[in-house]
Protein chains: 2
Amino acid sequence: MRVLKYAILGLLIKRPMTGYELAKEFNFELAEFWHASHSQIYPELKKLNDEGLVTYDIEISGDILEAKRYSITKEGELEFTQWLHKDEKIPKTQKDIFRLRMYFSNNLDPKTRIHLLENQRQQHLKRLNTLVKTSEQYPEVPDLYSDRFGDFVVLKGAIMRQENIIEWIDQCIGYIEAGAKNKP
Amino acid sequence: MRVLKYAILGLLIKRPMTGYELAKEFNFELAEFWHASHSQIYPELKKLNDEGLVTYDIEISGDILEAKRYSITKEGELEFTQWLHKDEKIPKTQKDIFRLRMYFSNNLDPKTRIHLLENQRQQHLKRLNTLVKTSEQYPEVPDLYSDRFGDFVVLKGAIMRQENIIEWIDQCIGYIEAGAKNKP
DNA sequence: TTAAACATGTAAGCTGTTACATGATTTA
DNA sequence: TAAATCATGTAACAGCTTACATGTTTAA
């Protein structure tokens, strides 16, 4: 499916970037729903260059440090746009280890279950706070054609997802507390 | 990390199963947040057997059709329980291709964006309806120590997640409609 | 009698992570 | 001058998907 290919092409439409810069992008807002490390990015950039979807110029910092600044080509833009127009089938499975654990939680005593849930709750709350803080950079909805629009909607989605997970965790805790009260 | 190992061990605690039956389990409720196909399961069962965490008896249906019915061993139960007690770090990234597309959505005209969103909406709504129908099997919260408790809480979570995604999609559509009105 | 379900396995290939490997430049 | 950041690559391995491969039993 080569999603990384399209992720890179999409980022290069914003502006030409080095592999190193692309790797950084995958660690900010984007990181909530897509990630790639440099060991994936460099080979992919090479491949995209072979396919004629990107080109690069070499930049020199200081005396000898070379950086390849990649730009998307016309063909690259075309392929990216075609991909972007396609309907996406929703995935059957969103792998989630914690939910797998909860699926098996009848094997744990109530106290342990609540401990595990509280631990998750705390982590998600922390993440939520970070996301909310980031969202303060968007006092209003960005222009539809600005690339900040995409940032904005996925950030909103990330916040809503964290809130939803916390709500689910709270309900789980509620079920366990109610169940433990009946049969302690 | 070998999550599949623990997923299989957890399922075998419920009851002894064949590889074929395990594969089926990964296609029902569990499928929302974990999946494995038979080509992964059979080698893993072999490995677990080598490690002494499961054993099997051969069952014969009809004249010659053999099935290996796997049971978890004491060691297997111990390892599983130890795993289940561990705190889980929340993942930095939950890969989501559709959100990646939306991240790049400034490259699409508003009509196409709304088309893509409506398409997702419809798919998630369909999934939601299926989940809600399934949840009717749980008129009340199952007993804390019944293995239906795990089924129940993750099903609740799956429903909440679908509702949340639909809410996000609706908000996205709202942003686009509002933005397109200002600058058509 | 035929299609669906039962049943088990292997192989090739893609994706992704962690570690290995090296070195330059900038900033504190 | 030392640490952080910039910069690029490869290798080994784990995980997962799709296809290949084979055959039996049951229910319509």
Side-chain angles (χ1 to χ4, degrees), chain A residues 1-8 11-12 16-28 30-31 33-51 54-70 89 91-97 100, chain B residues 1-8 11-12 16-28 30-31 33-51 54-70 89 91-97 100:
Chain A
M1 238 187 344
R2 296 196 58 196
V3 180
L4 178 59
K5 163 180 164 176
Y6 298 106
I8 290 176
L11 287 171
L12 292 182
M17 277 185 249
T18 67
Y20 189 85
E21 286 170 341
L22 283 164
K24 272 201 298 184
E25 288 288 318
F26 285 114
N27 282 316
F28 290 123
L30 207 62
F33 52 91
W34 206 265
H35 178 262
S37 53
H38 75 279
S39 58
Q40 251 188 304
I41 293 167
Y42 290 120
E44 187 65 38
L45 282 169
K46 203 177 197 175
K47 210 171 173 183
L48 292 173
N49 184 57
D50 290 346
E51 293 169 337
V54 302
T55 49
Y56 65 85
D57 291 306
I58 291 176
E59 273 179 11
I60 298 194
S61 316
D63 289 325
I64 52 165
L65 186 61
E66 289 189 358
K68 295 178 185 169
R69 188 163 299 275
Y70 286 87
K89 254 181 92 178
K92 262 190 160 178
T93 306
Q94 283 267 78
K95 292 207 170 183
D96 188 324
I97 302 179
L100 183 68
Chain B
M1 239 186 343
R2 296 195 58 196
V3 180
L4 178 59
K5 163 179 164 177
Y6 298 105
I8 290 175
L11 287 171
L12 292 181
M17 277 186 248
T18 66
Y20 189 85
E21 286 170 341
L22 283 164
K24 273 201 297 183
E25 289 289 317
F26 285 115
N27 281 315
F28 291 124
L30 206 63
F33 53 91
W34 206 267
H35 178 263
S37 53
H38 75 278
S39 58
Q40 253 189 300
I41 293 166
Y42 289 121
E44 188 64 38
L45 283 169
K46 204 176 198 175
K47 209 171 174 185
L48 292 173
N49 184 58
D50 291 345
E51 294 168 336
V54 302
T55 49
Y56 65 85
D57 290 308
I58 290 176
E59 273 179 11
I60 299 195
S61 318
D63 289 325
I64 52 167
L65 186 63
E66 289 189 357
K68 296 179 185 168
R69 187 163 300 274
Y70 286 88
K89 252 182 93 177
K92 262 191 160 179
T93 305
Q94 282 268 77
K95 291 207 169 183
D96 187 325
I97 302 179
L100 184 67

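Not measured: the values here are computed from a predicted model. Residue numbers begin at 1 in each chain, while the letters A, B, ... track the order of the sequences.
- Scanning atom types as modelled, no donor and acceptor separated by under 3.5 angstrom connect the side chain of B:Ser61 and the base of D:dT26.
- Rounded to an integer number of Å, the gap from OH of B:Tyr56 to P of C:dG9 is 8 Å.
- Ion pairing between a basic and an acidic side chain is recognised when a charged N comes within 4.0 Å of a carboxylate O; B:Arg2 and B:Glu44 show such pairing.
- Counting only heavy atoms from C-beta on, B:Lys68 has its side chain closest to C:dG9 among C:dG9, D:dA7, C:dT15.
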Please report, to 0.1 Å, the donor-acceptor pairs under 3.5 Å made by any side chain of residues 20-27 of chain A, with sequence neighbours excluded.
from, atom 1, to, atom 2, distance (Å)
A:Glu21, OE1, A:Thr18, N, 3.1
A:Glu21, OE1, A:Arg69, NH1, 2.9
A:Glu25, OE2, A:Arg15, NH2, 3.2
A:Asn27, OD1, A:His35, NE2, 3.4
A:Asn27, ND2, A:Ala23, O, 3.2

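- Taking the nucleotide of DNA chain C with the nearest heavy atom to each of B:Pro43 and A:Asp63, the more 5' of the two is matched to B:Pro43.
- Straight-line distance from the CD1 atom of A:Ile41 to the P atom of C:dT18: 14 Å, rounded to whole Å.
- With D:dT24, C:dT18, D:dA7 as the candidates, the nucleotide lying closest to the side chain of A:Ser37 is C:dT18.
- Atom C1' of nucleotide C:dC14 and atom CE of A:Met1 are separated by 10 Å, given to the nearest angstrom.
- A sub-4.0 Å separation between OP1 or OP2 of D:dG15 and a side-chain N or O of A:Lys95 is absent.
- Taking atom CD of A:Glu44 as the reference point, atom C1' of D:dG9 lies 15 Å away to the nearest angstrom.
- Taking every side-chain heavy atom of B:Arg2 into account, D:dG15 is the closest of D:dT5, D:dA19, D:dG15.
- For NZ of A:Lys46, the number of neighbouring non-hydrogen atoms (other residues, nucleotides, ligands) closer than 6.0 Å is 12 at most.
- Side-chain proximity of A:Tyr70 to D:dG9, C:dT17, D:dA7: nearest is D:dG9.
- Phosphate proximity of D:dT8 to A:Lys46: absent, as no side-chain N or O sits under 4.0 Å from OP1 or OP2.
- When the shell of 6.0 Å around CG of A:Asp50 is examined, it contains more than 12 heavy atoms from other residues, nucleotides or ligands.
- The two residues B:Leu48 and B:Ile8 make their nearest non-hydrogen contact at CD1-CG2, 3.8 Å.
- For D:dC6, one of the phosphate oxygens OP1 or OP2 lies less than 4.0 angstrom from a side-chain nitrogen or oxygen of A:Lys24.
- The CD-P distance, from B:Glu59 to D:dT24, rounds to 19 Å in whole Å.
- Whole-Å rounding puts the A:Glu66 CD to D:dG9 P distance at 10 Å.
- A donor and an acceptor atom never sit less than 3.5 Å apart when one is taken from the side chain of A:His35 and the other from the base of C:dG16.
- Formation of a donor-acceptor pair under 3.5 Å by the B:Thr93 side chain with backbone atoms of A:Phe33 is not found in this model.
- Each of A:Ile64 and B:Thr18 was assigned the nucleotide of DNA chain C with the nearest heavy atom; the assignment lying further toward the 5' end belongs to B:Thr18.
- Between the CD atom of B:Gln94 and the C1' atom of C:dG16 there is a distance of 15 Å, given to the nearest Å.
- Across the protein-nucleic acid pair, A:Leu100 atom CG and D:dG15 atom C1' stand 15 Å apart, rounded to whole Å.
- Between A:Gln40 and the phosphate of C:dT17, there is a side-chain N or O to OP1/OP2 separation shorter than 4.0 Å.
- Checking C:dA7, D:dG9, C:dA19 against the side-chain heavy atoms of A:Tyr42 singles out D:dG9 as nearest.
- Set against C:dA5, D:dT10, C:dG23, the side chain of A:Leu65 has C:dG23 as its closest nucleotide.
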